[in-house]
Amino acid sequence: MFDAIFNRLHRKPASLLRPLSASRTHLALLRAIHLFNPEVPGLSSSSVTMVRSVRERYTSVLSRLVFSEGGNAPTRLQDLLFTLPAFFSTLAQCNDHDNINFNIFESDKLTHRKPCT
């Protein structure tokens, strides 16, 4: 079971980013952009503002990185940002299909959630 989860969480995103010649830095920034989602339910309005601000900073850093690398930067940045939905739907699929809770503070441990009753 762990191998199937590992394949979905690591190999599939890598295969999406490989044609874009994305580095680990690009991957880290894309993960940060996804992590700081202001649309998470239950956030107060001040928290939404704070999370949105942090997300915009990571997006700005990704943009500056891509433009500093030269080439066709606007198209490359667009391509990287367009991978976000497909890239991170993988995690949602793992949570939905495998009923697994990923604790970001204990990433080396996988704990099974109890089914909803």
Side-chain angles (χ1 to χ4, degrees):
M1 181 172 165
F2 180 76
D3 288 337
I5 295 168
F6 180 81
N7 284 338
R8 281 192 235 156
L9 289 177
H10 296 287
R11 293 191 178 125
K12 183 178 179 184
S15 69
L16 290 171
L17 294 174
R18 193 170 292 118
L20 302 173
S21 300
S23 69
R24 289 182 182 200
T25 304
H26 295 112
L27 175 61
L29 290 168
L30 288 169
R31 284 183 176 173
I33 290 166
H34 182 265
L35 179 65
F36 288 95
N37 182 1
E39 297 173 12
V40 171
L43 292 177
S44 67
S45 62
S46 62
S47 296
V48 167
T49 303
M50 189 182 325
V51 169
R52 184 174 288 127
S53 172
V54 173
R55 185 182 220 183
E56 288 171 359
R57 278 190 241 153
Y58 281 116
T59 305
S60 175
V61 169
L62 178 63
S63 175
R64 283 184 278 155
L65 174 65
V66 170
F67 277 85
S68 73
E69 296 168 342
N72 192 359
T75 301
R76 187 152 188 267
L77 178 61
Q78 176 182 336
D79 291 344
L80 284 168
L81 292 174
F82 278 150
T83 63
L84 279 172
F87 183 66
F88 290 104
S89 71
T90 304
L91 180 58
Q93 289 171 1
C94 286
N95 276 333
D96 292 344
H97 295 148
D98 298 326
N99 201 24
I100 291 179
N101 178 25
F102 292 93
N103 184 337
I104 62 171
F105 299 107
E106 299 179 31
S107 60
D108 59 325
K109 300 176 185 174
L110 299 177
T111 57
H112 290 281
R113 277 188 275 163
K114 294 181 181 176
C116 298
T117 56

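Hydrogens, waters and symmetry mates are skipped; everything else that's a heavy atom, side chains included, is used.
The side-chain contact (heavy atoms from CB on, under 4.5 Å) check on S44 picks up S46, S47, with sequence neighbours excluded. Listed by chain and residue number, R76 satisfy the salt bridge (charged side-chain N to carboxylate O under 4.0 Å, His left out) test with E69 (two or more places apart in sequence, or in another chain). Under the side-chain contact (heavy atoms from CB on, under 4.5 Å) criterion, S60 pairs with R64, not counting sequence neighbours.
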Practice problem: In sequence, state the C-alpha distance, the side-chain angles, and the governing distance for Y58 and V54, and then conclude on side-chain contact (heavy atoms from CB on, under 4.5 Å). | Solution: CA-CA 6 Å; Y58 281 116; V54 173; 3.5 Å; yes
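L62 contributes atom CG, which lies 5.0 Å from atom CD1 of I33 (distance to the nearest 0.5 angstrom). A distance of 10.5 Å separates CG in L29 from CG in L81, rounded to the nearest 0.5 Å. A distance of 10.5 Å separates CE in M50 from OG in S45, rounded to the nearest 0.5 Å. Rounded to the nearest 0.5 angstrom, Q78 CD and L20 CG are separated by 11.0 Å.
Closest non-hydrogen pair, V51 versus F36, comes out as CG1-C, 3.5 Å. Closest heavy-atom contact between L80 and A22: CD2-CB, 4.0 Å.
Inter-residue side-chain proximity for L17 and H26 is flagged as unmet; no heavy-atom pair is nearer than 4.5 Å. Using a 4.5 Å heavy-atom cutoff, the side chains of L30 and H34 are not in contact.
Counting non-hydrogen atoms of other residues, nucleotides and ligands closer than 6.0 Å to CZ of F67 gives a total above 12.
Not a single donor-acceptor pair under 3.5 Å links the side chain of S53 to the backbone N or O of T49.
L65 and F82 end up in different hydrophobic clusters when Ile, Leu, Val, Met, Phe, Trp and Tyr side chains are linked at under 4.5 Å.
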